[in-house]
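First the structure, in the form of structure tokens, and then the observations on it.
Chain letters run A, B, ... following the sequence lines, proteins first and then strands; every chain starts at 1.
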Amino acid sequence: MAATGNKDIAAVLQEYADLLAITGGDAFKARAYERAARAVGGHPAELAGLGAKALTDIPGVGKSIAGKVAEYLRTGTVTEIDELRERIPAGVRELTRVPALGPRKALLLHDELGISSVDELAEAIEGQRLRGLKGFGPKTEEKLLHGIGLLKASGERAPLDTATELAERITAALAGVEGCERCAYAGSLRRMRETVGDIDVLAAAQDSGPLMEAFVALPVTAEVIARGTTKTSIRTTDGIQVDLRVVAPDSWGAAMQYFTGSREHNIRTREIARRRGLKLSEYSLSRVKSGRRVAAEREEDVYEHLGLPWIPPVLREDRGEIEAARDGELPELVTEGDLRGDLHTHTDLTDGLGTLEEMARAAADRGFTYYAVTDHAPDLRMQRMTKAKILAQREQVRALDGTLGKRRGGLRLLHGTELNIDPDGEVDWPADFLAGFDLCVASVHSHFDLPRAAMTRRLVKAAGNPHVHVIGHPTARMLGKRGGIDADWDEVFEACAHSRTALEINAQPHRLDLPDELILRARRHGVLFSIDSDAHSVPDLAQLRYGVGTARRGWVTKAEVINTWTLTRLRAFLRRG
DNA sequence: GCCGTTTTCGGCCCGACTGTTTTCAGTCG
């Protein structure tokens with residue numbers, strides 16, 4: 001099992017920040033912890049193993065926080081945080097996860113009405129117990145109910161990155177257990193759905209005993225829900241359910257096929273089996289009459305005996321993949337290795353954590369050919385961007401261009417910006433200034449509630465702007481927090497196809513935007529895509545894999561993704577050539 | 001609590017929006 005990761009430490013610091021904000025003490029102290037949490041989460045090196053000096057060298061981490069980090073790494077807990085936890089029920093902090101409900105109102109609800117969970121809040125609203133409470137009017141009630149709905153819809157599900165990283169840690173640990181021949185995760189996680197209800201881990205072994213033993217003894221195991229010889233379920237310290245199924249090695253392929261799903265896909269494959277006089281189960285593909293096994297050990301063989309090529313798990317949703325497979329028309333899906341660069345990233349000039357050089361160096365280390373820096377433009381006031389600042393950055397970008405990486409010619413840097421699309425579809429800066437950028441991403445960051453027609457006009461106008469090359473995180477959704485904006489997407493996609501404006505597939509795990517369903521729709525209009533990390537720190541660059549997964553779920557091929565193109569071709573596209 | 005420095009305390013991203021209020025607090029990006 002890996003040691004305590006930076007994300008774990010960041011989570012603890014963030015929790016402390018939240019608790020401080022709820023108790024209503026020094027707001028700047030809470031902010032300091034929040035800042036430290038962000039810095040720790042985005043720090044390129046593992047904190048476990050760093051000395052005291054190296055800890056305080058992290059921006060935002062001083063003596064006090066470094067002490068708490070050290071204590072946490074040593075003991076797995078922090079005394080002061082434990083004390084605060086006792087004073088504030090966990091449910092109160094949970095309340096602040098409801099959109100439109102912050103620390104002040106959460107505390108008021110707790111102190112005045114004794115509310116300490118999201119469910120209790122819902123009941124209190126239904127029972128009209130919020131009426132008359134200072135600061136809570138009818139509109140607020142409505143907003144809170146809406147927020148609770150959003151939270152419930154995905155609140156029980158883990159984000160893709162959390163689940164993936166957890167599953168990788170678990171499979172790595174179990175693979176080392178005596179007698180374990182294979183270990184992998186299946187289920188919706190293998191299909192790379194945007195959120196995951198639970199994690200299905202599969203292992204192949206003759207004897208399941210040692211694996212089950214090791215599984216319940218994992219450090220992440222908080223509770224054993226069920227324990228048997230073929231299946232054991234646990235709940236992790238994060239509250240995620242993980243099922244381990246141990247199968248005989250000669251059933252590996254059938255089990256992987258069965259437990260990867262989706263249910264709809266499996267209904268179709270079992271139908272095909274039946275028509276061929278076969279029976280498909282988690283143990284094997286066998287003849288109905290004789291019971292003789294025809295395939296089981298390899299997933300590829302299962303599909304082959306159904307008359308199909310192996311189907312990538314990301315496609316197994318019964319969205320046409322069976323027909324495409326049968327007709328030999330499965331798409332050749334884009335892979336992470338196809339990406340030659342990243343076209344939407346930030347630095348510490350705005351809200352990123354890494355310096356330009358740190359980010360570019362990390363990009364070079366990833367083997368990219370090119371890399372665009374796209375810090376925020378002035379319309380997002382909080383970023384305090386100016387022409388002078390971005391022009392100074394351009395100088396730095398030009399100076400660094402071609403100097404990094406082992407590749408011949410070095411990493412090529414593009415100087416871009418992420419513009420803000422205002423309610424009328426206008427963006428920051430006049431056209432002649434925009435013409436000076438190599439690349440412009442334009443995104444919606446506010447006014448999420450425009451009526452559909454106005455929202456559609458807004459996006460169509462931005463797509464038609466000759467200086468806008470990519471529409472960033474087009475729906476502006478935040479998983480579990482905010483549904484996407486409402487627009488006539490077919491009209492938007494048509495406009496993008498016409499102006500050759502790429503739609504972003506933003507890889508941030510809480511965005512994954514465009515979502516796969518809209519990618520499928522967009523492809524019918526022949527639009528181009530850009531798969532971007534939207535990285536705000538060096539570790540964020542690794543999140544590209546989730547964007548690629550989402551693109552693949554949308555059947556996207558290499559040719560449709562502008563950042564798989566050569567630099568020459570990309571430049572021609574950016575010049576509108 | 002951190003940081004920078006005008007070395008030992010004062011400032012800390014800033015503005016918009018919303019729903020509530022009757023002059024503003026809370027939330028958000």
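In this structure, A:H346 has its ring center closer than 6.0 angstrom to the ring center of A:H344.
Salt-bridge formation is detected for the pair A:R521/A:D490: a Lys NZ or Arg NE/NH1/NH2 atom is positioned less than 4.0 Å from an Asp or Glu carboxylate oxygen. Salt bridge annotation for A:D438-A:R398: present, with a cationic side-chain nitrogen under 4.0 angstrom from a carboxylate oxygen. For the pair A:R552 and A:E336, the salt-bridge criterion is not met [side-chain N within less than 4.0 Å of a carboxylate O].
Contact between the side-chain N/O atoms of A:S446 and the OP1/OP2 oxygens of B:dA16 is not found at any separation under 4.0 Å. Between A:R482 and B:dC28 there is no side-chain N or O to OP1 or OP2 distance below 4.0 Å. OP1 or OP2 of B:dG15 has not a single side-chain nitrogen or oxygen of A:R384 nearer than 4.0 Å.
Across the C1' atoms, B:dA16 and B:dC9 are found 32 Å apart, a figure rounded to whole Å. Taking atom C1' in both B:dT5 and B:dG10, one finds a spacing of 11 Å when rounded to whole Å. Comparing the P positions of B:dG26 and B:dT21 gives an interatomic distance of 13 Å, to the nearest angstrom. Rounded to whole Å, the separation between the P atoms of B:dC17 and B:dT22 comes to 23 Å. Comparing B:dG11 with B:dG19, their C1' atoms are spaced 31 Å from each other, to the whole Å. Here the separation of B:dT23 from B:dC28, taken at their P atoms, is 26 Å to the nearest Å. With P as the reference atom, B:dC13 and B:dC2 are 15 Å apart, rounded to whole Å.
Within the nucleic acid shown, A:K63 comes within 4.0 Å of sugar-phosphate atoms alone, with no base atom in reach, counting heavy atoms only. No engagement by A:D351 is indicated, since no non-hydrogen atom pair under 4.0 Å with the nucleic acid exists.
The listed nucleotides are B:dG19, B:dG26, B:dG1; the one nearest the side chain of A:K143 is B:dG19. With B:dG1, B:dC3, B:dC12 as the candidates, the nucleotide lying closest to the side chain of A:K68 is B:dG1.
Using cut-offs of 30° and 60° for the angle between ring planes, the A:Y33 and A:Y16 rings count as perpendicular.
For B:dT18, the base adopts the anti conformation, since its glycosidic angle falls more than 90 degrees from zero.
The partner of B:dG26 is B:dC17, by the rule that a Watson-Crick or G-U pair needs both atom distances under 3.5 Å.
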